[in-house]
Amino acid sequence: MCGITGWVSFHHDARPQGPVLDAMTATLTPRGPDAYGVWLGEHAALGHRRLAVIDPPGGVQPMTDRPDRPTTVLSYSGEVYNHHQLRAELRGRGHRFHTRSDTEVVLRAYAEWGADLADHLEGMFAFAVWDDRAQRLLLVRDRLGVKPLYWAAVDGGLAFASEPKALFAHPEIRPRVDADGLREAYSLLFNTGPTVWSGVREVEPGGLLVLDRDGIRERRYWQLTSDAHDDDRDTAVERIGELVGTAARSQLEADVPLCSLLSGGIDSTVLTALLADELRLREGPDARIRSYAVDYSDQAEQFTGDVLRTGHDTPYAAEAGTFIGTDHSTVVLDPLALLDPEHRKAVVVARDSPIGVGDMDTSLYLLFGEIRKHSTVALSGEAADEVFGGYPWFHSPKALDAATFPWLLVTGDEAAMPLNPALDLRIAEFREDTYRSAMAAVPHRDDETPAEHRQREMQHLSLTRWLRQLLHRKDRLSMAQGLEVRVPYCDHHLVEYAFATPWKLKSFDSREKSLLRAAGVGLAPDSVLHRPKNHYPATHHPDYNRGLQDLARDTLATDQVRALADEAQLKPCLDTPPDRLEWGHRLRLERVVDLALWLDHHRPDLAL
């Protein structure tokens with residue numbers, strides 16, 4: 001995994017601009033601590049920071065098609081899991097290879113198929129190809145948007161990067177935020193394309209962008225479709241088992257230490273079991289995969305259930321590790337460490353955004369830091385809830401009947417808005433307009449019942465919007481620690497099949513994730529297979545709540561934060577006794593503290 005950046009300008013010579021490219025590339029050092037490289041041409045500049053995972057000696061970047069007078073230059077981040085198959089196919093078409101890296105496979109695939117190479121790649125990736133002969137830049141992002149890719153206009157072209165902070169090292173791009181940006185951030189609708197930063201956009205998941213002398217063109221090479229699905233229950237369960245197994249096995253390859261994130265839920269347990277079985281097949285019966293869970297030192301005594309959390313994860317994770325036979329560790333965090341200003345600042349810097357989930361972000365960042373001491377790659381069960389229908393809103397009549405984004409009703413996020421109403425952002429109106437557009441994008445089948453029709457809408461929203469912020473969170477916080485996280489449930493073959501599967505099959509036992517539970521029989525203990533859905537853990541210690549309230553009070557003492565924050569909305573959160581602070585109130589405090597850190601670090605020009 002890596003960080004990429006650069007620019008193309010048809011108005012200027014890039015060759016004297018080495019210091020600018022160096023500065024942009026340096027901002028991405030945490031994403032690629034192992035190596036650094038730049039390439040400068042007349043109209044193009046490409047930079048790269050590398051986290052070496054496959055073929056460390058051979059995957060040096062930016063990679064060119066020839067050492068002298070290159071015609072094609074690639075800066076690539078990600079993993080292409082079918083690179084062995086593609087290498088064989090490209091060899092059959094006459095291409096010669098000099099490394100074992102998947103990077104070279106992407107380079108040769110461009111030579112063979114041009115922009116259509118995206119259709120042939122399976123994995124998580126974001127990359128830039130500069131074609132010097134055609135004077136053309138190609139930007140490509142993976143189908144689900146696992147890997148980030150941003151761009152902004154510059155004179156005569158555009159600049160691109162894995163993170164906005166790299167763009168801001170370019171002299172023509174300033175960190176500027178206007179009302180549209182705040183609306184995007186605080187509406188919690190997770191649009192793809194626009195960002196909190198004025199003039200900075202994302203390449204869409206499943207999308208590509210082409211820049212040449214005729215201008216910029218964008219298109220989608222992949223999106224969800226409502227394909228026919230005629231499999232019965234047994235066939236569907238068998239097919240899901242095959243697809244999850246294939247995705248897990250394909251993502252086990254690495255030339256560096258690898259581990260699994262094992263929370264004790266069904267998603268991570270089934271995945272870890274498949275990985276462990278495959279590792280034993282490859283390396284022998286005594287091979288054991290490392291697995292990690294996170295906990296808080298107060299959790300056993302202080303745990304209190306809420307709308308998102310139904311139980312304490314640690315006992316289930318330990319049981320799952322024993323059942324599977326992993327080398328299991330629990331990283332136990334002190335809740336007060338989550339208040340450390342340096343930890344919180346590191347998280348906000350990594351995100352480039354004021355929007356997060358407070359202590360859960362900080363704890364994930366600290367967890368990844370501990371894992372990185374032993375492993376370079378971790379596999380995660382992210383996206384199983386979106387793929388198999390695991391969230392409460394799939395089963396809530398209130399959410400199903402409401403003409404709005406379902407997580408706003410279930411998670412408490414709708415109330416987590418610390419912004420001053422005098423800003424007049426009209427977020428309610430923005431949500432209504434965005435919801436109508438989101439509904440118009442959902443593919444349907446003519447033979448669907450109204451209930452099936454509605455569930456397809458919920459799944460489409462979950463896969464194309466809610467999942468976006470979870471993948472963003474996991475990418476930013478893992479890469480800030482130099483850790484690559486892979487997400488097998490984002491395999492597009494699995495996603496396509498599950499999306500086409502009728503809801504009655506996805507909920508055949510009147511529970512969440514019916515197909516995954518059935519496919520996981522024998523891979524996980526019964527206690528894990530049948531436990532209720534549980535979200536990522538949060539601390540429940542009153543001292544954390546008290547410390548958070550103190551941070552929020554200090555934050556509101558600054559003029560800039562006070563001008564942006566809704567003090568009336570925050571007052572009840574500050575006045576509530578710490579041991580009675582509810583989730584929604586705490587989330588408001590988390591967000592105003594993060595807002596202050598974001599303003600202090602990024603110092604955006606506010607055009608409100």
Side-chain angles (χ1 to χ4, degrees), residues 184 186-192 224 226 265-267 305-311 355 357 360 382-417 427-445 448-471 473 489 495 498-517 531-536 538 582-588 591:
E184 286 290 344
Y186 285 94
S187 65
L188 306 171
L189 307 186
F190 316 116
N191 284 313
T192 54
L224 290 167
S226 54
I266 182 175
D267 314 338
D306 56 34
V307 67
L308 299 178
R309 295 165 195 88
T310 58
I355 286 295
V357 281
M360 292 190 292
E382 203 79 81
D385 286 302
E386 290 80 4
V387 171
F388 296 110
Y391 287 119
W393 53 77
F394 287 103
H395 312 274
S396 163
K398 178 182 177 182
L400 290 168
D401 291 343
T404 191
F405 295 91
W407 48 87
L408 299 176
L409 304 177
V410 174
T411 65
D413 265 2
E414 186 171 34
M417 295 294 302
I427 284 180
E429 179 182 332
F430 180 68
R431 282 175 170 162
E432 292 173 4
D433 291 344
T434 305
Y435 184 74
R436 283 193 291 270
S437 298
M439 289 297 94
V442 181
H444 286 292
R445 294 182 57 188
E448 286 180 329
T449 66
E452 288 282 353
H453 184 96
R454 182 56 176 155
Q455 288 291 356
R456 192 177 299 280
E457 291 174 341
M458 300 293 261
Q459 190 171 18
H460 195 272
L461 290 175
S462 299
L463 285 165
T464 61
R465 290 178 176 271
W466 179 257
L467 179 60
R468 173 181 180 262
Q469 53 93 20
L470 295 179
L471 294 175
R473 172 178 180 249
Y489 289 113
V495 171
F499 186 71
T501 303
W503 178 251
K504 64 182 179 182
L505 284 182
K506 286 201 276 277
S507 59
F508 68 78
D509 59 359
S510 301
R511 293 230 13 223
E512 75 283 355
K513 294 185 280 196
S514 305
L515 289 173
L516 183 61
R517 182 176 297 103
R531 70 178 293 211
K533 163 69 183 170
N534 201 46
H535 288 256
Y536 183 87
E582 296 179 355
W583 166 251
H585 282 183
R586 194 168 96 171
L587 191 55
R588 295 180 196 176
R591 291 224 164 107

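Checked against the 6.0 Å centroid threshold, W503 and H395 count as a close aromatic pair.
Both the sub-6.0 Å distance and the 45° axial angle are satisfied by R473 relative to the ring of Y536. Both tests hold for R456 against F499: distance to the six-membered ring centre under 6.0 Å, angle to the ring axis within 45°.
Within the model, atoms CG of D509 and CG of L515 stand 9.0 Å from one another, a figure rounded to the nearest 0.5 Å. In this structure, CD on E452 lies 9.5 Å from CZ on R445, to the nearest 0.5 angstrom. To the nearest 0.5 Å, atoms CZ (F388) and CD (Q459) are separated by 9.5 Å. Taking CG of D385 as the start and CG of L467 as the end, the distance is 10.0 Å to the nearest 0.5 Å.
Taking the side chain as every heavy atom from C-beta outward, L461 and W466 never approach each other to under 4.5 Å. At a threshold of 4.5 Å between non-hydrogen side-chain atoms, the residues Y489 and E386 do not count as touching. At a threshold of 4.5 Å between non-hydrogen side-chain atoms, the residues R431 and L408 count as touching.
Side-chain atoms of R468 and N191 form no donor-acceptor pair, as typed in the model, at a separation below 3.5 Å.
The pair R454-E457 meets the salt-bridge criterion, with a side-chain N (NZ, NE, NH1 or NH2) lying under 4.0 Å from an Asp/Glu carboxylate O. Salt bridge status for R517 with E512: present, with a side-chain N to carboxylate O gap under 4.0 Å.
Heavy atoms only, all atoms of each residue included: K506 and A498 are closest at NZ-O, 2.8 Å.
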Exercise for review: Verify side-chain hydrogen bond (donor to acceptor under 3.5 Å, both in side chains) between W407 and S462, making sure each step is shown before the conclusion.
Suggested key: CA-CA 9 Å; W407 48 87; S462 299; over 6 Å; no
